[in-house]
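Below: the structure, in structure tokens.
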Amino acid sequence: MDLTAEVLGKRSFCEAVMRARLPKAVFKELKKTIDYGAPLDTAIADSVAIAMREWAKELGATHYTHWFHPLTNVTAEKQDSFMDPVGDGTFITEFTGKELIKAEPDASSFPTGGLRGTSSARGYTVWDCSSPAFVKEIPNGCKVLCIPTIFISYGGEALDHKTPLLRSMDAVGTQALRILNLFGKNPVKVTPSVGPEQEYFLIDKAKYEKRLDLKLTGRTLFGAPSPKGQEMDDQYFAIIKDKVSYFMEDLNKHLWEYGVPAKTQHNEAAPAQHEIAPIFGTTNIANDQNQIVMETLKKVADRTGFACLLHEKPFAGINGSGKHNNWSLSTSDGENLIDPGKEPETNLQFQVFLAAILEAVDNHPELLRMSAACPGNDHRLGALEAPPAIISAYLGDQLGELVNQIIENGEPGTSPKRKLYRAGCSVIPEFKMDATDRNRTSPFAFTGNKFEFRMVGSTQSVAQPMMVLNTIVAEALSDFADVLEKADDFEAAAKQLVVDKLREHKRIIFNGDGYSKEWIEESAKRGLPNIPTMVEAIDYFVTDENIRMFEKHGVLSEVEMRSREIVLYESYAKQINLEALTMIEMSKRQIIPAVLSYEGSLASSVKDLKTVGVSADAQLALIRKIDEQLALLMEATDRLEEITQKAAEYKDDPKAWAFYYHDEVFSFFDTVRTPADKLEKLVAADAWPLPTYEEMLFEQ
């Protein structure tokens, strides 16, 4: 792979490109907007638009688009040509600052929760100048300049994931600065960062094309377990197969060209499962880049003979896929506020931020759980390396001991130091081990200088969970600042506040096994909520307390919150409806006809055997087994169709609609699937109409 400077970041209109192509004065003013939020002058936008257009044209771009994130977890775009008619039959290439800053896509055909209707269609996309534009290449097609934007309604309400994310970044930055100013520090800005690890599956494209469930819903609705799953522990970090290596090489090339800092790649725990992880980035940029990652995964897979599955649980009985969000706060001076340093016991500033984060998580566990809610995550949370649906925070040995000392003694003692590892053999070098272990079962785990929010589903946009996390931390920091700004003795007040808050919120700290039955019992005693499903989680979103908090920090208005609540309920109902209809289609048009045909061939075999006087008892026994399961499948399929049709009665009430789909439709899926999966094991392999689990998972 060519790793020259011409390749790395060549499709990204990044800071280095802007510095080289913009007049110095223009670049300086644009940087003020990007770094400090200074107002953007229209003349500056005109200059940037000219430079951006010429750069994009050099890369072959013929069109541009405002690239935005509606409430669908995927991106949207409306492409416009650079060519403008002059009026005499000729054209000029045109792209102005006005066109760069704002566009007007239709806002009625996206999920809006009632904010926009067909008769009220106007919406606006507005340039996010802090996130680099990029040129997207469509193989054997046009190249498009993609300009990251927000998406709002004619009334100014956010219709996307990015607008509230940007607001939440400002909110947590503002409150963090209040705390830092009390410590005598005056950075210009505090910015949340995130590094989202992305898990995914790769299966053979030809097999994928034969699975209607994978194509329409992203997961297998039928499928008997493979004789081998992941029980041998021989997939995780194993040697990457050659064909997958070629895929990863192509993937990295494209991501690096887009300026996406993809860093780590490896096999995950389940067969055919893999992971890619980037270097940390500013949250809104990392969010954009993760969308690029998901889109590029799909495209590169398609070109290399694979299908990429991003669903949280494409296969039952083995690991699902998540998106672990590694979150931290950093100042414009380069200080990581969640880094304890070498002596956390004397680092009062870190202790204050730690106490505030724990307060945020403990005060809003339901909201944090809701932020990671999607239909696919209901299959994943609490099983096979996914964290449980119970929110808790893991601190590890060093911080755990420090916090225990503060809670018990009112002040920190000496925290455990990093141990020196000696292998006992001369050829292995000594090294200092980390101060804390990792806990794969914790939904919110401290990992040295950041917190890893592990609940987020693999299909989800990073924006929603990070927006919630930023906002609840902003609220805690605001409450802390309100107290500390009034203190006569700041240091004494800060120390006492840390003691009080850690004692108040110690219930949220759990360093043990999140999968254990004992933890379920213990968490209930502590009063921690256990919210296993998406429909239950949504119910905790729009509360009086949350409305006050989101409006206080300018992240979401009550109208925006209520519209998103409707979108969440409707998205769940629509997804389960799609799965039900797909299940009915596959059962009636693929599985049942194939089984009937196979049963008929067995009956013919019985007849032939009896003709020559040979006993057909074994064949008859098999036919009886098949017929028993086939009858169950046919009855269950008909019943599922009836139940699904009845859901229309609840459509006018989004909450009732979603709960009906969960309680009645989704809960009936196993009744249909069970006999079908048993039939798969009874019918000859060449007569079964669907690629099996073993074929998809072990024949990449």
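On a predicted model such as this, the values are computed, not experimentally measured, just so you know.
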Would you call the rings of Phe95 and Tyr64 parallel, tilted or perpendicular, where under 30° means parallel and over 60° means perpendicular?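 Ring orientation, 0 to 90° scale: tilted.
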Please examine the side chains of Gln198 and Leu310, heavy atoms only from C-beta on, and report whether any two atoms are closer than 4.5 Å.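 Yes, their side chains come closer than 4.5 Å.
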Going by heavy atoms in the side chains, are Ile292 and Leu255 under 4.5 Å from each other?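 Yes, close enough: below the 4.5 Å cut-off.
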Can you name the closest pair of heavy atoms from Met370 and Ala537 and give their distance?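 Closest heavy-atom pair between Met370 and Ala537: CG-O, 3.5 Å.
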Looking only at the aromatic ring of each residue, does the gap between the centers of Phe68 and Phe110 stay below 6.0 angstrom?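 Yes - the distance between ring centres of Phe110 and Phe68 falls below the 6.0 Å cut-off.
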With a 3.5 Å cut-off and no angle check, do the side chains of [X] and [Y] form a donor-acceptor pair?
{"X": "His66", "Y": "Thr125", "value": "yes"}
{"X": "Thr459", "Y": "Glu312", "value": "yes"}
{"X": "Arg380", "Y": "Asn377", "value": "yes"}

Can you spot which of Glu452, Met455, His324 makes a side-chain contact (heavy atoms from CB on, under 4.5 Å) with Pro387?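 Considering Glu452, Met455, His324, a side-chain contact (heavy atoms from CB on, under 4.5 Å) with Pro387 is found only for Met455.
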So does Gln460 get a backbone contact from the side chain of Lys323, meaning a donor-acceptor N/O pair under 3.5 Å?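 Yes.
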Could you work out, with side-chain contact (heavy atoms from CB on, under 4.5 Å) as the rule, every residue matching Arg303, not counting sequence neighbours?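 Once residues adjacent in sequence are excluded, the partners of Arg303 under the side-chain contact (heavy atoms from CB on, under 4.5 Å) criterion are Pro139, Asp250, His254, Lys299, Val300.
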Test of understanding: with side-chain contact (heavy atoms from CB on, under 4.5 Å), list the residues that count as partners of Thr75, not counting sequence neighbours.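 Counting only residues at least two positions away or on another chain, Thr75 forms a side-chain contact (heavy atoms from CB on, under 4.5 Å) with Trp67, His69, Gln291, Glu295.
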Non-neighbouring partners of Arg167 that pass side-chain hydrogen bond (donor to acceptor under 3.5 Å, both in side chains), sequence neighbours left out: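 Expected list: Glu560.
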Just grab all the salt bridge (Lys or Arg N to Asp or Glu O under 4.0 Å) pairs involving [range], residues at least two apart or on different chains.
{"range": "residues 55-76", "result": "Arg21-Glu58, Glu54-Lys57"}
{"range": "residues 456-465", "result": "none"}
{"range": "residues 461-478", "result": "Glu475-Arg548, Glu475-Lys552"}
{"range": "residues 144-165", "result": "Asp128-Lys162, Lys162-Asp288"}

Report the residues that fulfil ring-ring contact (aromatic ring centres under 6.0 Å, His included) with [X], sequence neighbours left out, ordered by chain and then residue number.
{"X": "Phe451", "result": "Phe444, Phe446"}
{"X": "Trp55", "result": "Phe13"}
{"X": "His274", "result": "Tyr200"}

Any carboxylate oxygen within less than 4.0 angstrom of a Lys/Arg side-chain nitrogen, looking at Glu565 and Lys655?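 Result for this pair is no, no salt bridge flagged.
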Rounded to the nearest 0.5 Å, how far does CG of Asn577 lie from OH of Tyr661?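 It comes to 3.5 Å.
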Quick one: OG on Ser571 to CD1 on Ile538, what's the gap to the nearest 0.5 Å?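 Going from OG on Ser571 over to CD1 on Ile538, the span is 6.0 Å.
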Heavy-atom count check: over 12 atoms from other residues, nucleotides or ligands less than 6.0 Å from [X] [atom1]?
{"X": "Lys215", "atom1": "NZ", "answer": "yes"}
{"X": "Lys263", "atom1": "NZ", "answer": "no"}
{"X": "Phe183", "atom1": "CZ", "answer": "yes"}

Show me the side-chain donor-acceptor pairs of residues 464-471 shorter than 3.5 Å, one per line, residues at least two apart or across chains.
residue	atom	partner	partner atom	Å
Gln464	NE2	Ser371	O	3.3
Asn470	OD1	Trp327	NE1	3.0
Asn470	ND2	Ser168	OG	3.1
Asn470	ND2	Met466	O	3.2
Thr471	OG1	Met467	O	2.7

Any ring pair (Phe, Tyr, Trp, His ring centres under 6.0 Å) pairs touching residues 541-573, not counting sequence neighbours?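 Every candidate ring pair (Phe, Tyr, Trp, His ring centres under 6.0 Å) pair involving residues 541-573 fails, so no pair, neighbours aside, qualifies.
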